Number of protein chains: 2
Amino acid sequence: MSSSGQHVLAVVRRQILSGARAPGEKISEVAVAGELAVSRTPARTALAALEAEGLIEKRKGRGYTVRSISQSDVANAIAVKAALESLAAKTLAERGLNAETDAALCRSIAVTQAMLEGDAPVTEHFETYHEANVLFHETIMRACGNDLIAHAFERIAMLPFAALGALSFEATDPRRERMRLTVGHSQHVIILDALRKRDAGRAEAMMREHSHATMNYGELFSRDLGRAE
Amino acid sequence: MSSSGQHVLAVVRRQILSGARAPGEKISEVAVAGELAVSRTPARTALAALEAEGLIEKRKGRGYTVRSISQSDVANAIAVKAALESLAAKTLAERGLNAETDAALCRSIAVTQAMLEGDAPVTEHFETYHEANVLFHETIMRACGNDLIAHAFERIAMLPFAALGALSFEATDPRRERMRLTVGHSQHVIILDALRKRDAGRAEAMMREHSHATMNYGELFSRDLGRAE
DNA sequence: AGACCCAATTATGGATACAAAATAAACCCT
DNA sequence: AGGGTTTATTTTGTATCCATAATTGGGTCT
């Protein structure tokens with residue numbers, strides 16, 4: 001797209017995800033155009049893209065509103081994520097790993113392994129862990145041979161995932177955080193083993209479990225908010 | 001929504017799906033704007049939406065091109081469709097059916113049941129069957145309580161599905177066509193039974209099988225054609 | 001006093017004009 | 001003759017203007 005349009009898109013998206021724009025808040029083209037000192041044209045494209053991403057909703061004649069995320073939205077997002085990622089793992093297991101994919105997954109696992117073997121509080125290296133985690137999941141998504149999976153995944157509302165990310169940062173207990181990362185790491189190891197052995201069923205099941213694990217921690221932290229699923 | 005923009009979107013989409021615009025063909029804003037006698041603004045929004053739908057691809061500096069569908073694209077689309085629809089069926093089974101949903105599913109099944117019990121060639125009522133089929137699947141999608149599933153589904157490239165639809169119309173053998181529809185109908189009945197009994201695992205498995213069945217017939221037909229490219 | 005209607009403000013969709021970037025081609029220089 | 005540079009054309013991104021639709025608020029009529 002454009003330099004200005006992409007800029008507006010990035011800024012408003014960050015505003016929404018950071019909570020600077022509260023859920024239910026009204027957003028109009030003229031407003032964002034005025035705030036960011038651009039014309040209405042890039043503002044329009046940005047809002048259209050934001051609506052496609054599911055972060056904002058369109059009202060018939062009264063601008064856009066920031067979508068509010070409910071507990072069930074988070075559960076729904078996790079369910080879809082689990083379905084798509086387990087499909088990707090299954091597909092990749094059926095096709096088999098090539099050298100680059102295997103190397104990338106190994107690299108990701110090596111990073112988390114080294115981190116967990118160290119004595120330093122894992123919270124200090126959270127960014128590194130997050131990077132390795134993203135590498136693992138994106139590698140499988142990209143290498144599975146089904147572009148539509150990633151396509152569908154990218155089009156899903158990322159709002160619930162942002163809420164989850166914010167939740168992860170609220171980790172207070174370092175020991176529990178270490179446990180959480182250890183479990184995730186072990187699941188990565190198991191998934192890689194299943195992929196190498198081309199055990200599609202095992203890879204699919206373990207990836208589904210792994211995706212759902214994220215939700216379990218989510219409800220663990222937001223216990224006061226009530227039930228999920 | 002917009003009158004002109006939506007119009008352009010619908011027209012160009014139909015042109016692509018009908019094959020009026022060949023795969024690989026260049027599409028530019030000015031071209032469609034000129035052909036449809038509209039400004040570049042609605043043409044741009046339409047092309048952006050079309051790109052989001054996956055029907056066209058954007059080249060950095062040389063316009064858009066119609067995406068070409070390969071055999072594996074069809075298989076990929078079916079796999080994602082199966083994953084999402086089986087998730088929807090599972091979710092709906094866990095939540096349980098309400099009165100309206102049950103009634104809608106019953107209505108869909110009643111139509112196909114009546115058609116298959118008659119002696120008339122099923123090809124004559126194909127449009128009716130298709131309607132009932134769409135009603136069945138959309139009802140489950142909408143009633144499952146997870147909007148993100150439908151959201152992701154709608155954002156998937158519909159090109160492979162269009163190819164499948166065209167394939168279905170080329171059914172030559174009436175008896176085989178009747179068999180195909182009978183199997184599909186029976187799977188609908190089984191899925192409804194599983195939903196009513198809140199058997200999430202059975203509903204999920206049967207829906208996955210049902211979605212994959214479409215692909216099997218796709219392979220069956222394309223074997224004769226050989227030109228699925 | 002309540003309800004309905006009309007008007008005004010606001011917001012969005014569309015059109016045209018303008019500018020910048022990129023690509024392809026042609027021309028010039030070595 | 002080949003390569004590099006420049007130019008021109010194509011394409012895209014942005015701004016401003018205009019028209020239309022809708023909602024809200026105020027006024028009037030019953």
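Just so we're on the same page: letters track the sequence lines, and every chain starts at 1. All of these numbers come straight from a predicted model, not from anything done at the bench.
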Q) Relative to each other, are the rings of B/Phe136 and B/His188 parallel, tilted or perpendicular (30° and 60° limits)? A) parallel
**Q.** 5' precedence on DNA chain C between A/Gly63 and B/Ala37 (nearest-nucleotide basis)
**A.** A/Gly63
Q.
I need the CG-C1' distance between A/Leu36 and D/dA15, as an integer number of Å.
A. 15 Å
Q) Whole Å only: how far is the CD1 atom of B/Ile27 from the C1' atom of D/dT10? A) 17 Å
Q. Please give, in whole Å, the distance from D/dT11 C1' to B/Arg59 CZ?
A. 14 Å
Q) Under 4.0 Å between a side-chain N/O of B/Ser39 and OP1 or OP2 of C/dA15, yes or no? A) yes
Q: Take atom CZ of B/Arg40 and atom C1' of D/dT16, then tell me their distance rounded to the nearest Å.
A: 15 Å
Q) Under 4.0 Å between a Lys/Arg side-chain N and an Asp/Glu carboxylate O for A/Glu51 and A/Arg13? A) no
Q: Could you tell me whether A/Ser28 contacts a base, only the sugar-phosphate backbone, or nothing, with contacts defined as non-hydrogen atoms closer than 4.0 Å?
A: sugar-phosphate
**Q.** Distance in angstrom units between B/Lys26 NZ and D/dT12 C1', rounded
**A.** 17 Å
Q. Nearest-Å distance, NE2 (B/His7) to C1' (C/dA15)?
A. 16 Å
Q.
Closest approach to the side chain of B/Thr41, judged atom by atom: which nucleotide of C/dG14, C/dT12, C/dA17 is it?
A. C/dG14
Q | Per B/Lys58 side chain, nearest of listed nucleotides D/dG13, C/dT12, D/dT12 | A | D/dG13
**Q.** Nucleotide C/dG14, atom C1' - distance to CD of B/Glu29 in whole Å
**A.** 14 Å
Q) Do the side chain of B/Arg196 and the main chain of B/Leu97 share a donor and acceptor less than 3.5 angstrom apart? A) no
Q. Applying the side-chain contact (heavy atoms from CB on, under 4.5 Å) test to B/Arg21, which of B/Val32, B/Thr65, B/Ile56, B/Leu55 qualifies?
A. B/Val32
Q: Using whole Å, report how far CZ of B/Arg44 lies from P of C/dT16.
A: 15 Å
